[in-house]
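In listed order, ligands and their atoms are each counted from 1.
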Amino acid sequence: MTQETGGFAALDLHPNIVAAVLATGYEEPSAIQQQSIPIILAGHDMIGQAQTGTGKTAAFALPILNKIDVSKREPQALILAPTRELALQVATAFETYAKQMPGVNVVAVYGGAPMGPQLRAIRNGAQIVVATPGRLCDHLRRDEKVLSTVQYLVLDEADEMLKLGFMDDLEVIFDAIPATRQTVLFSATLPSSIRSIAERHLREPKHVKIQSKTQTVTAIEQAHLMVHADQKIPAVLRLLEVEEFDALIAFVRTKQATLDLAAALEAKGYKAAALNGDIAQNQRERVIDSLKDGRLDIVVATDVAARGLDVPRITHVFNVDMPYDPESYVHRIGRTGRAGRDGRALLLVTPRERRMLQVIERVTGQKVAEARLPGPQAVLDARIKKLTASLAPLVAEAEATHGELFDRLTADLGCSARALSAALLRKATNGQSLDLAAVEREQPLVPTYTPRERTGERSDRGERSERGDRERRAPMPLAEGRVRCRTALGARDGIAAKNLLGAILNEGGLARDAIGRIQVRDSFSLVELPEEGLERLLSKLKDTRVAGKQLKLRRYRED
Ligand code: AMP
């Protein structure tokens, strides 16, 4: 066992929980976990200021699992989450950490799915209920006792829940749970509305905040790229096509991720290796030596395994998984730009991790520019450039060594010099696509777009022409938990965005924050609304008229 796995073992968690966490590939607790777990285990109420990406889910899930009495088949812990996606994600995390605790049952409760099976699962002995507030209130209306055995309550992303208009639902839920419960609240921000909830519903809460000291970053060129979690490996492979690197270190969070990415890189012909806490010390040294002398070009590492790694050849750091805190970001990217050389650091950001990016920018006092995935033309140009570079030293001498053979082959094959050269090129490039149409077919990625995007702003690596194309193809991304709705009323009906906004706010009773972008087109309009409670909202708006005409808002699916 490495010293770091002692990190989890030292936290006083049940050995089966520690074993499950280690089996998941986590090597050491993140800062928020290190601080929150003992507090929650000790039974205190707690306010944790942390955003997605810090490891906050495990920070509450592990100690709560530790407290569950498996022999009792009734709800003991309730986790509230703002959206269905987050509720499912949290429920899955609980299941992962409870893998070695037979008898633990988790149920996810959210809108848009039938209520009956959810209620049955709760009654059939789920000890952990992960729910969105709106749907949970619907259940409470059917069975007001359903939460009467809950002893642990977690509000995850409390600020998001308020933004989505769940304040009243939260009050109903607080009232339905015994006052003797332990309450933990996680929120990225602590506006006065959250503080007031904490004052009214938490008892002498302990505060946990990951203090971030301002960090200085040396002259390393930094960029970030928005990408969905399941597209990280293809995104890395594509980026590598155009990045001119000497040696590169890619940071991921788990052992499994080091293995997966290293395998994908090797399969593409890169000289890559994984470095994680399972790798024995002598093997680790061998990997680092190989990176130093060029037998390896890419090392895929966890933070723990990369500790103390100092290789001057490193020109690039790829943060494939988000670091837990700005300090480790600064630490990671400090691996490049050594010895006065140029360095480049790239950070992949999933849509849910945008906040973490903002925190990094705030703490480092620097903007991390947005980069784009290189388009097919850029990939093709880079491939041809590499091919040209690999042939350049040969053309000077190969004629002397292979010229006669070439003459003989053209004679034997009865073909032109161009035909033979083309055949040799095809063989040498090993099936690699080297024309635009073929490269385009190879690239199935649909990049995501950030709200930061401003038209006309040049991204640092992308090409403007391709960007226009992609924008037409890819719809604007929706914020988590939002859906698009459509009305047949548009500009030609005399509608402006403010009329729609006013009608929905007044008649629908939503908070302004709950309504996203409104796009008014000539013959229709699109409005982004919260998915949670959508049916209720649409039925409230059933008879609403705008500019004298029926609004008739419907969910809009753009596939
Ligand atoms: P969260 O901030 O809870 O959304 O977690 C973000 C990601 O970090 C999830 O994919 C977790 O599986 C992962 N994660 C959480 N804690 C650790 C840890 N101690 N080591 C490695 N990965 C972790």
Side-chain angles (χ1 to χ4, degrees), residues 2-11 13 17-37 40 48-65 79 81-83 85-99 130 154-160 184 186-188 208-210 227-230 232 251-261 274-278 300-307 319-326 328-329 332 347-360 480:
T2 64
Q3 178 203 333
E4 290 73 26
T5 52
F8 272 110
L11 280 174
L13 291 162
I17 299 179
V18 176
V21 166
L22 297 182
T24 309
Y26 300 177
E27 298 193 325
E28 61 171 4
S30 69
I32 191 90
Q33 292 163 3
Q34 194 90 48
Q35 294 190 37
S36 309
I37 292 173
I40 302 175
Q49 207 177 337
Q51 51 279 313
T52 301
T54 50
K56 67 179 165 60
T57 315
F60 62 78
L62 301 180
I64 283 185
L65 275 176
I79 323 303
T83 62
E85 288 73 25
L86 185 63
L88 283 167
Q89 213 171 298
V90 170
T92 310
F94 266 100
E95 278 166 358
T96 307
Y97 306 140
K99 274 225 173 87
V130 187
V154 179
L155 288 90
D156 194 9
E157 302 197 356
D159 49 357
E160 290 298 317
V184 172
F186 274 94
S187 192
V208 169
K209 182 177 177 186
I210 305 306
V227 62
H228 281 294
D230 58 358
K232 282 184 179 178
F251 282 99
V252 293
R253 284 200 164 178
T254 64
K255 288 173 198 167
Q256 191 57 46
T258 63
L259 301 176
D260 292 347
L261 181 54
L275 204 59
N276 61 48
D278 275 353
V300 187
T302 55
D303 290 287
V304 174
R307 230 166 246 168
N319 293 286
V320 179
D321 288 337
M322 184 64 89
Y324 298 113
D325 42 53
S328 56
Y329 174 76
R332 284 180 179 187
L347 173 67
L348 301 193
V349 183
T350 64
R352 294 188 49 77
E353 292 169 340
R354 282 192 186 126
R355 272 236 180 82
M356 194 70 182
L357 170 66
Q358 290 163 3
V359 174
I360 288 175
E480 286 277 336

Looking at [atom], what's its closest protein heavy atom, distance included?
atom: atom 8 (O) of ligand 1; answer: R253 NH1, 2.3 Å
atom: atom 18 (C) of ligand 1; answer: Y324 OH, 3.0 Å
atom: atom 16 (N) of ligand 1; answer: Q33 NE2, 2.7 Å
atom: atom 11 (C) of ligand 1; answer: Y26 OH, 3.1 Å

Can you tell me how far CZ of R355 sits from OG1 of T54, rounded to the nearest 0.5 angstrom?
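Reported to 0.5 Å precision, the distance equals 11.5 Å.
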Just verifying a value: how many Å separate Q256 CD and L259 CG, rounded to the nearest 0.5 Å?
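If we round to the nearest 0.5 Å, Q256:CD and L259:CG are 5.5 Å apart.
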What are the atoms of ligand 1, with element, lying closer than 4.0 Å to any heavy atom of T57?
1 (P), 3 (O), 4 (O)
In terms of atom number and element, which parts of ligand 1 are under 4.0 angstrom from non-hydrogen atoms of T52?
2 (O), 4 (O)
Checking side-chain polar atoms at under 3.5 Å, does T83 have a donor or acceptor matched by the opposite partner on E160?
no
Of T302, T254, T258, the residue whose pairing with N276 passes side-chain hydrogen bond (donor to acceptor under 3.5 Å, both in side chains):
T258
Of D260, T24, D278, the residue whose pairing with K255 passes side-chain hydrogen bond (donor to acceptor under 3.5 Å, both in side chains):
D278
For [X], is at least one N or O under 3.5 Å away from an N or O on ligand 1?
X: K56; value: yes
X: G55; value: yes
X: Q89; value: no

Sub-4.0 Å protein heavy atom near atom 2 (O) of ligand 1:
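Yes.
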Describe, in one word, how the ring planes of F60 and F94 are oriented to each other, choosing from parallel (under 30°), tilted (30 to 60°) and perpendicular (over 60°).
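Rings of F60 and F94: tilted, 30 to 60°.
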Are any of the side-chain nitrogens in E27 or R307 under 4.0 Å away from the carboxylate oxygens of its partner?
no
So which bit of F8 gets within less than 4.0 Å of ligand 1, heavy atoms only: side chain, backbone, both or neither?
side chain
Consider ligand 1: state whether an atom of it lies below 4.0 angstrom from any non-hydrogen atom of E28.
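Flag set, E28 near ligand 1.
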Let me know which of I32, T57, I79, D159 forms a side chain to side chain contact (heavy atoms under 4.5 Å, CB included) with F186.
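Running side chain to side chain contact (heavy atoms under 4.5 Å, CB included) over I32, T57, I79, D159 with F186 returns exactly one hit, I32.
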